[in-house]
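Down below is the structure, laid out as structure tokens.
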Amino acid sequence: MAAEREPPPLGVGKPTDFEELEDGEDLFTSTVSTLESSPSSPDPASLITEDISTNSNGPKPAEVVLDDDREDLFAEATEEVSLDSPEREPILSSEPSPAVTPVTPTTLIAPRIESKSMSAPVIFDRSREEIEEEANGDVFDIEIGVSDPEKVGDGMNAYMAYRVTTKTSLSMFSKSEFSVKRRFSDFLGLHSKLASKYLHVGYIVPPAPEKSIVGMTKVKVGKEDSSSTEFVEKRRAALERYLQRTVKHPTLLQDPDLRQFLESSELPRAVNTQALSGAGILRMVNKAADAVNKMTIKMNESDAWFEEKQQQFENLDQQLRKLHASVEALVCHRKELSANTAAFAKSAAMLGNSEDHTALSRALSQLAEVEEKIDQLHQEQAFADFYMFSELLSDYIRLIAAVKGVFDHRMKCWQKWEDAQITLLKKRETEAKMMVANKPDKIQQAKNEIREWEAKVQQGERDFEQISKTIRKEVGRFEKQRVKDFKTVIIKYLESLVQTQQQLIKYWEAFLPEAKAIA
Amino acid sequence: MEEHLEAGKESKPSSMSPDLQGDSSLQVEISDAVSERDKVKFTVQTKSCVPHFARTEFSVVRHHEEFIWLHNAYVENEEYAGLIIPPAPPRPDFEASREKLQKLGEGDSSITREELAKMKEELEAEYLAIFKKTVAMHEVFLQRLAAHPTLRRDHNFFVFLEYGQDLSVRGKNRKELLGGFLRNIVKSADEALITGMSGLKEVDDFFEHERTFLLEYHTRIRDACLRADRVMHSHKCLADDYIPISAALSSLGTQEVNQLKTSFLKLAELFERLRKLEGRVASDEDLKLSDMLRYYLRDSQAAKDLLYRRLRALADYENANKTLDKARTRNREVRTAESHQQLCCQRFERLSDSAKQGKPHGPGAPATALLTLPGSPFLSSPELMDFRSRRVSSFRKNLIELAELELKHAKVSPPASPSLLAAFLASHRWASRPLSSVLAHGGCGGARGEVRLPGAAPAVQDHSSPFWIRTIPFCHW
């Protein structure tokens, strides 16, 4: 079956990392041994109904070549496996736990060599069941809460520490309920690790909340006013949503970095997330370079699906932005309304005081009370507006940016493949030239190079197909999630509106007899 | 913009002020109004049995400056110094609306055509509302004059009501405006001086009490009025905010291909209705609360003016006494001083009489119990008492109406309609089930009987007609 869900990789960081330049990332583990193809786990969620294997761009290489490649793949893998990375230790030791299958090899191979019967290890069967379980409709038994923001330290070195509580029944975690203290830069660090591992293979990694220098400075300086408490609350909620989205992603959930983030009490300080650090500057430079590249790469899209989806996301992005701006204006005005109502309540009370007709005076003070309560109501509604509606929109705007990034990565992948093909062509030409010029040693060299580049071309093609497939699945999952999220929020928002109205009814009904009692 | 306004038949019964005491010898109303380029022309219609008039029913066309002229005529008339002169109607001010309309006309590329249409609609509604308000204000002014037993007999009033030609009253030019402004300053300085004068003791507790009360009341009501205005403004902003939201949601909805489509479209509809609702809440608050407060702001100012005049008269009287004494000691010009003193005394007493009820000679009043001169009517209607009762009843009425309207809005508002919520929930759970069936079924009548189905048109129209009618009967101030 071509449609499949990728078995969650355990600690396989960069499945398709064949960019030799990059180093020190999580790689294939002992899963090399269990590299037989996985019978694809039936995907009840049926995220990808399209035939992935048949839709990949580019020609299908011959089976034979594929075998070779597989060898090569693992040859390289075994090389890279020897690279030491600390996170791999726990993974290797936790062999008995399921889903040890790597992502890439199986998925690379599976669509092509389904016919080949591979002996699946027993361990694999068990893992498949568990995968199925976990894969059932994205219902993961894991709950994450971010709470108790508290200020640690003083002055400009102060920071807010948040308590991250996890409740889960997943067996990959050591306990079923635990909590740790994390600070904002830890979250950013987690995101950057996940992004560097998964983004360029096509997974949509949820973006972390944004840094805000102004907000944080106020908190650091110690201003205990409503705007800084609001800021902290906003950030706390954003962090919670971020973590919840991240754990909902089946692939990311299996990531050891994530687990370490949730579990271990001490986390190495992620200095690379600071804006002015070396890594920060490098990031900025990379972003600029990417932007330039995007403009120059002209990909001939042979798959209409991608073009359509890209267009769709582009439109969605624009409209969400517009809506977001309007909702922010709404929130602002509602807050204003609340403040004005409070002011009016005060002056109505004063008026009631100076009124000498007793019944009218009483009625006016009642009016003042009603208005005060209404002001509270408006304020609550403003919060609801904001936290439900506006934040959801801004989250999705950022998510769509991540989606667009993923599409861009695909383009880059294609570009690499193209380049490899071009180079291969050039090498072949060189070889031909050498043949003509009859220089045996150079011919040999040329042949070597040709082989090398052929491998690269094939790798490039595989990568490209892989990323395309992943993207399709991811997009499907994303859309589903989006529909769910929006629906939930809309319903919650409506309920808040209903409640406000009902409260209003109550207040005015209480006031009416008072007004009628004015003699 | 040419606008024609017909004060509908429905307004007639409620345009009778309860203060008229069934005296139907003079009925005044503004039957029509036309807004021209920068002027509003009111058609003042009179029905009267007063013998002075040539006919029993007649009408004239007046514009705002003529109303002001009439008001000034009353204010400057010494005879009415003891009365609270009804405050002049405010100048028709369409500037704000006009500016907004112009800005809208200039066009903004980011607004879609539907949004533009909606905003235009809102602006036009606003313009209409302001227009109706100004008509009502002018009408109230005239009707109070007609209701007051003394003021209605004024010659200028008759001229105003009857004279067919233009009264050729021009607006104040700059010099006059400046003069008026200066006069106001002088007046308030004078007031401060008088009250500060150690020699001038308020002879009557009643007036003392009234003065302190009025001063305080006036400042506070001004405060309240300002803030109520701000609240109304916020409500309007909120209502306006819903327009782009609704538009964005509907465009999102049309783009979606999945289940979110219906959700977004429904939400867009909901916001549209919320907008109308907020707009109505804003205008109701405006009518019932802000306008009432504003009117009483002006009225209390008029009452304060009365008190001031009385105080001024008292000061004059005291001065006249002193001059008389001095003249007596010097035994020169005693006659003139005496008559002057008599006049002052009379004036003072007249003012006190008319302002208060039943106590023509206060406990500490000077013993010279001169009869009031003929021609200055001894009024039985207690002006300040009148002010008070008017105020109380008007507050009562408006507060009740405000509460009732707010309740009505809250109950009929779409979010409170459970059927809409049910529709959403249903579409969430069973994606294929068409929403329309759920809505049609949605007779979960709700907590209150007035809940209407979201799709029902009457819910919307129900509001539009009473709203317009309600703006007209202002006369219960």
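Numbered from 1 within each chain, the chains take letters A, B, ... in sequence-line order.
Looking at B:Glu256, only its side chain comes within 4.5 Å of chain A, counting heavy atoms on both sides. With a 4.5 angstrom heavy-atom cutoff, A:Leu351 touches chain B via backbone and side-chain atoms both. Heavy atoms of A:Glu355 lying under 4.5 Å from chain B belong to its backbone as well as its side chain. Contact of B:Tyr217 with chain A is made through backbone and side chain together, with heavy-atom distances under 4.5 Å. Both the backbone and the side chain of B:Leu249 come within contact range of chain A, judged by heavy atoms closer than 4.5 Å. No part of A:Tyr507 comes within reach of chain B, as not one of its non-hydrogen atoms sits under 4.5 angstrom from that chain.
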* Check the pair A:Val406, A:Glu474 against side chain to side chain contact (heavy atoms under 4.5 Å, CB included), reporting the backbone distance first and the verdict last. => CA-CA 10 Å; A:Val406 153; A:Glu474 281 292 294; over 6 Å; no

* Asked: When you look at A:Arg245 and A:Asp395, which way does the salt bridge (charged side-chain N to carboxylate O under 4.0 Å, His left out) test go after all the steps?
  -> CA-CA 10 Å; A:Arg245 278 212 185 88; A:Asp395 279 351; 3.3 Å; yes

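If you tally non-hydrogen atom pairs under 4.5 Å between each of A:Val327, A:Thr341, A:Asp356, A:Leu323 and chain B, the highest count goes to A:Asp356.
Centroid-to-centroid, the aromatic rings of A:Tyr387 and A:Tyr493 stay 6.0 Å apart or farther.
Annotation: the span from B:Leu384 atom CG to B:Leu214 atom CG amounts to 6.5 Å, rounded to 0.5 Å.
At distances below 3.5 Å, not a single donor-acceptor pair connects side-chain atoms of B:Ser246 with backbone N or O atoms of B:Tyr242.
No donor-acceptor contact under 3.5 angstrom links the side chains of A:His324 and A:Ser394, judged on distance only.
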